[in-house]
Amino acid sequence: MPAYATNMRLKFPILALIFEIITIILFGVFVDYDDGKGHGHDPHSNETHHEGNPMDLYPMFQDVHVMIFIGFGFLMTFLKRYGFSSVGINLLLAAFGLQWGLLMQGIWHLVDGKIKIDIFKIINADFSTATVLISFGAVLGKTSPVQLLIMTILEITIFSINEHLVATVLGANDVGASMIIHAYGAYFGLAVARVLYRPGLRNGHENDGSVYHSDLFAMIGTVFLWMFWPSFNSAIAEPGFTQLTAVINTYLSLAACVLSAYAISSLVEHKGKLDMVHIQNATLAGGVAVGTCADMNIGPFGAMLIGLIAGIISTLGFKFLSPILASNLGIQDTCGVHNLHGMPGILGGLAGIVAVALGKKEKPCDLTKGQHLNKQTIHFLLPGFIMKLPFWGQPPDQNCFDDSIYWEVPEEEEANEESLAHADHSKNKAEA
Amino acid sequence: MPAYATNMRLKFPILALIFEIITIILFGVFVDYDDGKGHGHDPHSNETHHEGNPMDLYPMFQDVHVMIFIGFGFLMTFLKRYGFSSVGINLLLAAFGLQWGLLMQGIWHLVDGKIKIDIFKIINADFSTATVLISFGAVLGKTSPVQLLIMTILEITIFSINEHLVATVLGANDVGASMIIHAYGAYFGLAVARVLYRPGLRNGHENDGSVYHSDLFAMIGTVFLWMFWPSFNSAIAEPGFTQLTAVINTYLSLAACVLSAYAISSLVEHKGKLDMVHIQNATLAGGVAVGTCADMNIGPFGAMLIGLIAGIISTLGFKFLSPILASNLGIQDTCGVHNLHGMPGILGGLAGIVAVALGKKEKPCDLTKGQHLNKQTIHFLLPGFIMKLPFWGQPPDQNCFDDSIYWEVPEEEEANEESLAHADHSKNKAEA
Amino acid sequence: MPAYATNMRLKFPILALIFEIITIILFGVFVDYDDGKGHGHDPHSNETHHEGNPMDLYPMFQDVHVMIFIGFGFLMTFLKRYGFSSVGINLLLAAFGLQWGLLMQGIWHLVDGKIKIDIFKIINADFSTATVLISFGAVLGKTSPVQLLIMTILEITIFSINEHLVATVLGANDVGASMIIHAYGAYFGLAVARVLYRPGLRNGHENDGSVYHSDLFAMIGTVFLWMFWPSFNSAIAEPGFTQLTAVINTYLSLAACVLSAYAISSLVEHKGKLDMVHIQNATLAGGVAVGTCADMNIGPFGAMLIGLIAGIISTLGFKFLSPILASNLGIQDTCGVHNLHGMPGILGGLAGIVAVALGKKEKPCDLTKGQHLNKQTIHFLLPGFIMKLPFWGQPPDQNCFDDSIYWEVPEEEEANEESLAHADHSKNKAEA
């Protein structure tokens with residue numbers, strides 16, 4: 001079965017090392033430290049640099065960093081046997097993605113032929129990896145590390161072009177990046193998931209579910225994302241009271257979103273019980289949806305309203321829309337990124353349009369961006385087709401959602417099962 | 001059994017949405033961003049605002065935020081089957097509590113008829129939720145989400161009145177809030193636990209204990225609380241060297257407390273073994289106890305002495321006092337908040353009195369506050385009686401300490417037991 | 001068997017309390033808060049104080065604090081039954097070590113006969129505990145808390161003398177401390193491990209391995225260390241662009257290191273699978289190796305090259321060198337600190353020499369330090385011999401890597417084992 005040549009022994013190390021060595025050479029040619037000179041020399045830049053200490057944004061950067069590596073990484077550990085890949089491949093993709101993102105985002109802002117790295121740029125590099133990690137959620141458990149490295153390069157390259165067009169050419173405002181990060185990452189991932197559709201998983205998969213402690217690991221990711229989302233939406237906002245506004249809007253939107261996510265989860269579930277999938281994800285939708293207008297004067301009321309609606313839409317999406325997408329459109333979205341990043345991202349774009357129309361901010365509206373993004377959606381299928389090429393080592397259906405195909409996994413579970421097999425005298429206790 | 005109508009399908013969503021919608025409307029009427037104007041206009045405020053960047057306190061806020069959501073949330077995951085509720089309901093209560101706290105604390109400091117939110121205010125809102133989360137620890141496993149939402153509203157409302165009286169009217173000083181947060185939260189929770197006393201749990205409950213990995217999850221909470229406690233005790237201190245003093249006092253008190261908690265745990269346990277309950281909790285007592293005098297000039301020696309004593313008292317409390325409270329007074333304190341927040345909080349108040357008497361700070365002493373609090377204790381029983389009303393869906397005794405009554409729980413455990421029962425036919429699979 | 005008097009009931013509490021009480025008395029005599037006076041009065045100090053707010057370094061401090069308590073603590077939880085000790089004893093040693101480190105590091109910089117504590121000093125105190133925690137990794141599972149407390153005192157005392165000689169007398173530069181922290185901690189630990197060599201563990205031990213969820217807990221440690229390492233290497237660098245350089249070099253070195261660690265792990269493992277031991281550790285080697293020259297102008301290219309090489313060396317060390325050290329030299333290095341801190345530390349020292357030779361920084365080179373350290377290695381054996389004295393309660397071979405010898409451990413596993421045992425008629429084991 002050549003399509004399932006899942007032995008990574010040569011193809012993965014070679015690809016990873018080639019990617020890294022090329023990247024290092026490009027860094028040698030193009031990248032230098034920011035030395036404090038040359039700020040403000042780029043007339044096309046709408047970046048907002050702190051004029052003070054070059055380290056002023058560093059705590060913000062670390063908050064975003066925690067979201068990328070702990071937040072996204074652990075959020076995906078909810079699957080019972082896919083935790084190594086969730087945290088581990090998340091680390092791999094983000095560590096490569098931030099290097100690639102620095103290059104791809106930096107080439108639009110060369111100073112003396114160099115990309116000058118400062119804290120602002122490494123925050124943006126983290127943002128670029130967020131798109132990949134969102135898409136990773138859609139195809140989680142069904143792709144090989146080789147496929148995902150290729151996706152990382154393609155997605156960040158397209159993202160950086162897109163971001164440049166939206167921000168510099170169209171001049172649109174998307175501080176928290178509801179659209180250009182969250183919606184982009186979600187629909188990119190859904191397009192890839194569509195191309196990689198597996199009919200064999202139509203009726204579910206034994207490992208496509210959680211166990212008790214895997215759900216708790218996932219809550220580590222959820223809570224860190226939830227806490228630091230105000231930093232995500234404010235890190236590159238204009239310093240001072242605009243940044244404070246972005247923090248407070250995000251903070252309030254998230255708080256309201258928790259209540260609506262819990263309420264709707266209980267409302268739609270059997271006997272009013274809460275569902276961990278909703279709690280882990282829909283509680284964050286308020287952060288996504290308030291992104292675009294986080295730094296606008298929408299008022300605490302506006303921010304909370306956005307959060308309330310986002311929590312409702314997201315929870316309903318998990319309950320009713322995801323099954324339809326899977327069965328009717330062939331989009332198997334493992335983590336439900338459509339519900340956490342897709343729909344709330346679009347809601348955020350719409351909220352931005354309304355906010356601008358109501359005069360909350362004078363910058364051009366997001367409408368252009370939305371249209372721009374829509375036109376692009378068709379292009380999202382190409383990466384999927386590239387990733388579908390049969391030699392990237394994607395797992396066969398029966399090994400999906402299972403770390404042991406790409407990881408050495410400790411054997412305790414097998415051992416337990418074996419001893420269970422010998423437990424023929426223990427029925428009494430077992431049934432108690 | 002109407003008293004155990006634990007189906008949350010209607011009552012929880014309706015209550016949560018009503019609470020949230022009322023809150024959003026109140027925010028629409030009363031709350032606005034801080035715009036940098038109006039500082040210093042409130043003569044009754046003894047708040048200490050940074051004059052510089054409005055974001056100066058933001059890293060401190062995030063430390064406190066991590067304590068509230070990761071710290072308290074995971075600290076309570078020690079129970080073997082109550083981790084979803086611990087982290088999940090902690091998130092729910094804190095997310096609602098911070099909104100309610102902003103309102104309740106803000107109405108005493110209106111500027112032009114508005115509560116103007118800044119970082120200082122959201123730190124204080126987090127503090128107000130801490131009282132609820134402490135009380136949650138006392139009744140953990142024995143209450144429904146509906147009961148807890150009601151407790152949140154009541155406790156934060158009373159807290160805010162209390163805080164206003166102590167800080168503004170009495171003019172007392174309690175920067176780290178040993179008394180007004182920790183002792184208040186603990187005795188409020190104990191009062192509720194007393195009213196909700198369950199004779200059926202007198203002889204323990206199968207699920208009222210830990211498993212190996214649940215104790216490790218709890219250590220995530222412990223360590224984050226331990227690390228960031230200096231931020232808790234210094235976040236709202238006067239900037240500069242006073243704030244530094246609060247950091248160093250807390251840091252040293254906690255370090256000394258670890259040694260005494262470990263020593264006493266080993267001393268009182270069978271064969272000198274360490275007990276995870278002590279390590280998870282008593283190591284933090286130094287942070288509670290040094291709270292009131294954290295910003296006073298008590299010297300490193302004084303801070304460490306307070307920590308040393310707090311660690312001893314707290315560990316001894318877990319070992320000897322908690323069983324007595326449960327059996328003789330009918331106070332079933334699930335997390336032992338009396339030992340972590342109650343007694344160390346009082347110790348902190350006493351230490352504050354001594355410190356003021358010794359001239360370490362000229363502000364009025366805590367004595368007034370202690371008396372004030374004592375008088376209030378009787379009022380603490382009312383919330384318990386409200387929560388005891390039979391239609392809030394509290395769990396029957398046999399379902400206490402069990403997530404599955406309010407959560408969809410993955411079925412692996414049952415599946416395992418089942419396979420045990422059927423193990424005699426499953427050799428094929430086990431050997432595969 | 002007096003050599004295995006593992007009952008800690010008297011010896012541990014007494015030792016811990018005596019250590020702590022002596023420390024508190026010494027703090028009473030020698031330690032005071034930094035009051036902002038006296039800065040710059042010590043002509044021998046090459047410390048770089050912020051002139052501004054005394055809290056400026058506080059977020060950096062908290063990042064380092066998280067590395068020490070969460071990072072090191074959880075990194076070591078990978079063992080299946082040693083998580084309590086990993087996080088718990090890590091907390092104990094670090095909490096005591098930072099107090100002792102403040103004293104030992106402070107006596108070289110007295111101002112008016114006092115050690116004046118500021119944020120800079122508590123960062124350095126955390127650094128001093130890092131050496132102990134690295135050594136703890138080498139002897140993990142094979143030592144008692146009493147032995148480890150003694151090691152803490154000895155190692156930090158020697159470290160502080162060493163650090164003083166290197167920094168003040170030799171005037172060498174080691175901002176990220178590749179050599180004086182990482183290599184020192186590693187070789188100190190290996191020397192102790194050598195002296196404590198256990199022939200009985202030559203053929204491995206049932207508990208010297210991971211289970212699925214213990215590997216996930218360890219990843220919490222790995223990822224927090226990885227994210228915050230830029231803070232570790234830059235916290236005490238000169239503020240401004242030098243500090244920015246240290247952040248960016250570390251950030252890039254770590255990113256490159258991830259790719260090479262993953263690539264080599266896959267290359268050397270069976271069927272190209274990734275090995276969690278490599279991922280948990282070798283991904284961090286880039287942070288160690290770039291330490292010494294983090295604040296030098298080595299360029300992004302140089303930093304990434306160092307990270308790339310460190311990841312390769314570290315992974316190969318785990319795969320090929322560690323087994324040789326254990327079988328041929330009698331060095332049983334539980335966590336493989338030689339591969340994460342030893343070799344990458346030396347690589348960092350060499351990189352520093354090269355960087356200085358190439359004129360990237362004018363300070364004296366690390367060569368002196370390396371030689372100095374080499375001469376010291378023989379002295380490292382003494383602490384091992386002290387720790388080997390037969391009355392410190394070290395565990396017998398069969399109880400190594402097992403929390404239950406020093407901790408109360410919840411009984412679920414035993415219960416499980418019991419039911420299994422009844423099935424197999426192996427009651428002996430169940431009752432043991």
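Values below: all heavy atoms of this structure, side chains included; hydrogens, waters and symmetry mates excluded. Just so it is clear: chains get the letters A, B, ... in the order the sequence lines come, proteins before strands, and each one is counted from 1.
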Let's test your reading of the structure: which of C:Pro230, C:Pro59, C:Ala256, C:Gly299 forms the most heavy-atom pairs below 4.5 Å with chain A? C:Ala256
Give a yes or no on whether the backbone of C:Gly287 and the side-chain of C:Thr250 come within a donor-acceptor separation of less than 3.5 Å. no
Heavy-atom pair count under 4.5 Å with chain C, highest-scoring of A:Leu92, A:Leu17, A:Leu26, A:Leu149: A:Leu92
With a 4.5 angstrom heavy-atom cut-off, could you sort out which part of C:Val247 is near chain A: side chain, backbone, both or neither? side chain
Step by step, would you call A:Phe27 with A:Ile115 a side-chain contact (heavy atoms from CB on, under 4.5 Å)? CA-CA 9 Å; A:Phe27 267 70; A:Ile115 299 164; over 6 Å; no
Keeping the roles fixed (side chain from A:Ser214, backbone from A:Phe78), state whether a donor-acceptor pair exists under 3.5 Å. yes
Specify whether C:Phe318 and C:His278 have parallel, tilted or perpendicular ring planes, treating 30° as the upper limit for parallel and 60° as the lower limit for perpendicular. tilted
Looking only at C:Ile264, C:Thr222, C:Leu252, most heavy-atom pairs under 4.5 Å shared with chain A are made by C:Leu252
Interchain contact, C:Leu254 with chain A, by part (heavy-atom threshold 4.5 Å): neither
Select one option (side chain, backbone, both, neither) describing which atoms of C:Ile312 are under 4.5 Å from chain A's heavy atoms. neither
Which bit of C:Thr283 comes within less than 4.5 Å of chain A, counting heavy atoms only: side chain, backbone, both or neither? side chain
So among A:Phe96, A:Trp100, A:Phe12, which one has a ring-ring contact (aromatic ring centres under 6.0 Å, His included) with A:Phe19? A:Phe96
Given A:Ile14, A:Ile117, A:Ile68, the one with more heavy-atom pairs under 4.5 angstrom with chain C than any other is A:Ile117
Greatest number of non-hydrogen atom pairs under 4.5 angstrom with chain C, of A:Ile220, A:Ile70, A:Val87, falls to A:Ile70
Looking only at side-chain N and O atoms, does C:Tyr212 offer a donor or acceptor that is under 3.5 Å from a partner on A:Asp403? yes
Can you see whether C:Asn339 engages C:Ser322 through a side-chain donor-acceptor pair at a distance of less than 3.5 angstrom? yes
Treating C:Lys273 as the side-chain partner and A:Val409 as the backbone partner, does any N or O pair qualify as donor plus acceptor under 3.5 Å? no
Taking side chain as everything from C-beta outward and backbone as N, CA, C, O, which of these in A:Leu102 sits under 4.5 Å from a heavy atom of chain C? Side chain, backbone, both or neither. side chain
Do we see a donor-acceptor contact under 3.5 Å between the side chains of C:Asn53 and C:Tyr58? no
Engaged part of A:Leu15 at the chain C interface, taking heavy atoms whose separation is under 4.5 Å: neither
Could you look at A:Val66 and say if it's the side chain, the backbone, both or neither that has a heavy atom under 4.5 Å from chain C? both
Would you call the rings of C:Phe61 and C:His65 parallel, tilted or perpendicular, taking 30° and 60° as the class edges? tilted
Side chain, backbone, both or neither: which part of C:Leu267 has an atom under 4.5 Å from a heavy atom of chain A? both
From the list A:Glu408, A:Met8, A:Gln99, the residue making the most non-hydrogen contacts under 4.5 Å with chain C is A:Glu408
Comparing A:Ile405, A:Asn90, A:Asp32, A:Leu98 against chain C, the one with the most heavy-atom pairs below 4.5 Å turns out to be A:Leu98
Region of A:Ile119 in contact with chain C, defined by heavy-atom distances below 4.5 Å: both
So, the part of C:Leu216 with a heavy atom under 4.5 Å from chain A: the answer is both
Side chains of C:Ser265 and C:Asp275 only: does a donor on one sit below 3.5 Å from an acceptor on the other? no
Structural part of A:Leu93 lying under 4.5 Å from a heavy atom of chain C: neither
Quick one: of C:Met276, C:Met219, C:Met60, C:Gln62, who has the most non-hydrogen atom pairs under 4.5 Å with chain A? C:Met276
Proximity breakdown for C:Phe217 and chain A, heavy-atom pairs closer than 4.5 Å: both
Considering only heavy atoms, which portion of A:Phe224 lies under 4.5 Å from any heavy atom of chain C: side chain, backbone, both, or neither? side chain
Quick check, are the ring centers of A:Phe136 and A:Phe72 under 6.0 angstrom apart? no
Quiz question: by atom type and distance under 3.5 Å, do the side chains of A:Asp215 and A:Gln280 form a donor-acceptor pair? yes
